[in-house]
Amino acid sequence: GAVVSQHPSRVICKSGTSVKIECRSLDFQATTMFWYRQFPKQSLMLMATSNEGSKATYEQGVEKDKFLINHASLTLSTLTVTSAHPEDSSFYICSAVTTTTGELFFGEGSRLTVL
Amino acid sequence: EDQVTQSPEALRLQEGESSSLNCSYTVSGLRGLFWYRQDPGKGPEFLFTLYSAGEEKEKERLKATLTKKESFLHITAPKPEDSATYLCAVQANDYKLSFGAGTTVTVRA
C-alpha cells in the first residue's frame, strides 16, 4: 500500500525555537496533504490543508504565522512550528491524498515536546 | 458542520467475545466513511472505506457496515492484538476528514 513518511518521529526543543516536520509520500504523488494535531486521548483535529504550489488553507483557530506550511512538490509538505511554546507540545500527523485514486494515507506522526 | 460521534468511548472485551462499535455522522456531501486503527504513539492505520449505504467490507475479524446515518465496526472473536483505538472519519467532497473521538478497545486474554 501507499506509504507516507514523517520525519522526525520525535523531537524535543527549547521554548522559543522553531521546529520543522516533513511529510513525504514515498510511492505516489499527492497534490493535497493535510496536517492534524492530536492531544493525548483525544481525536485528530485538522489544522490545515496543504495544496502543492499554493498557500495552505488553515482551519478556524489555527495561527497561520505560528504553523507555517509549505507544499513545494507533489511528494513533500512541511510544517514548521515557529517560536514553539510548551502548549505546542502535541502529536502532529500528516496525511496525503493520492492524485490517482483519491485515497488518503497517514504518516506515523511526529511527537513534539517543547521544554 | 460535519459531525462524527463514536460510541462507546471504551470497550473492554474478553478474548472471543464479539462486539460492535458505532459511528453516527452528519455530513454535507459524503464522499466516504473511513475506519482507522490507531495504536498508542502511532499514526492511524487504514482499515476500510465505505462509500454508500448498504456497503459492507471485511478484513480478518473486522467487518464494517454503512447506513445513511451510521456505520458499525463489528469485531468477531477478538484477540488481544485487536486492542487499539478505532477511529471513524467522514470525508466530504473537499477530501477533508472529520474524525470521531474514537473507541478504545481492550481485549483481555
Side-chain angles (χ1 to χ4, degrees), chain A residues 1-11 21 23-25 28 30-52 56-62 90-113, chain B residues 1-11 21-25 27 29-52 57 59-60 71 73 83-106:
Chain A
V3 178
V4 175
S5 172
Q6 267 187 255
H7 178 80
S9 58
R10 291 179 181 272
V11 57
I21 301 170
C23 177
R24 292 181 185 274
S25 56
F28 65 97
T31 52
T32 302
M33 292 185 176
F34 297 100
W35 286 95
Y36 294 85
R37 182 173 183 176
Q38 187 176 35
F39 291 104
K41 298 190 177 182
Q42 292 188 30
S43 193
L44 284 74
M45 298 297 295
L46 180 65
M47 297 174 66
T49 303
S50 169
N51 293 299
E52 187 266 337
T57 304
Y58 291 81
E59 296 299 300
Q60 194 171 10
V62 178
S90 189
F91 194 52
Y92 293 88
I93 306 172
C94 74
S95 65
V97 181
T98 64
T99 53
T100 51
T101 65
E103 289 181 89
L104 190 148
F105 296 91
F106 282 86
E108 282 293 301
S110 300
R111 181 162 302 284
L112 170 64
T113 303
Chain B
E1 185 178 323
D2 301 341
Q3 283 197 322
V4 182
T5 304
Q6 288 188 249
S7 61
E9 285 187 20
L11 191 58
L21 284 57
N22 178 265
C23 171
S24 61
Y25 66 91
V27 63
L30 177 71
R31 189 177 184 282
L33 185 141
F34 290 69
W35 282 98
Y36 290 90
R37 169 192 170 126
Q38 187 176 28
D39 293 305
K42 295 195 173 183
E45 175 188 340
F46 172 76
L47 292 174
F48 304 106
T49 309
L50 302 167
Y51 294 103
S52 57
K57 288 192 176 174
K59 179 181 178 181
E60 295 180 356
S71 176
L73 182 66
S83 298
T85 296
Y86 291 87
L87 298 170
C88 167
V90 293
Q91 187 179 44
N93 288 326
D94 60 2
Y95 292 100
K96 288 184 183 179
L97 284 181
S98 297
F99 279 87
T103 295
T104 299
V105 175
T106 305

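Being a predicted model, the structure only gives us computed values, none of them experimental. Lettering of chains follows the sequences in order, A, B, ..., and the numbering in each one begins at 1.
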Review point. Are the ring centres of Y36(A) and Y36(B) closer than 6.0 Å?
Key: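 Not close enough - the centres of the two rings lie 6.0 Å or further apart.
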Practice item. Nearest 0.5 Å please: distance from the OG atom of S9(A) over to the NZ atom of K42(B). Key: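 Atom-to-atom, S9(A):OG and K42(B):NZ are 11.0 Å apart.
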Practice item. Could you grab the distance from atom CZ of F106(A) to atom CZ of F46(B), nearest 0.5 Å is fine? Key: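 Going from the CZ atom of F106(A) to the CZ atom of F46(B) covers 10.5 Å.
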Point to revise | Part of E45(B) lying under 4.5 Å from any heavy atom of chain A | key: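 Contact with chain A: none, neither part.
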Review point. What part of E9(B) gets closer than 4.5 Å to chain A, counting heavy atoms only: side chain, backbone, both or neither?
Key: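 For E9(B), neither part sits under 4.5 Å from chain A.
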Exercise for review: Could you look at Q6(A) and say if it's the side chain, the backbone, both or neither that has a heavy atom under 4.5 Å from chain B?
Suggested key: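 Neither part, no heavy atoms under 4.5 Å.
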**Study point:** Region of L104(A) that comes under 4.5 Å of a non-hydrogen atom in chain B
**Key:**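 It is both, since atoms from each part get that close.
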Check your understanding: Taking every heavy-atom pair that is under 4.5 Å apart, which of T85(B), L87(B), L97(B) has the most such pairs with chain A?
Key ->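 Most heavy-atom pairs within the cutoff with chain A belong to L97(B).
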Practice item. Name the option with the most non-hydrogen atom pairs under 4.5 Å to chain A; the candidates are P44(B), P40(B), A101(B). Key: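 Maximum pair count with chain A is reached by P44(B).
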**Study point:** Proximity of residues 43-51 of chain A to chain B, residues having a non-hydrogen atom under 4.5 angstrom
**Key:**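 Residues of residues 43-51 of chain A touching chain B at under 4.5 Å: S43(A), L44(A), L46(A), T49(A).
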Exercise for review: With sequence neighbours excluded, tell me which residues meet salt bridge (charged side-chain N to carboxylate O under 4.0 Å, His left out) with R37(B).
Suggested key: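 R37(B) satisfies salt bridge (charged side-chain N to carboxylate O under 4.0 Å, His left out) with D39(B) only.
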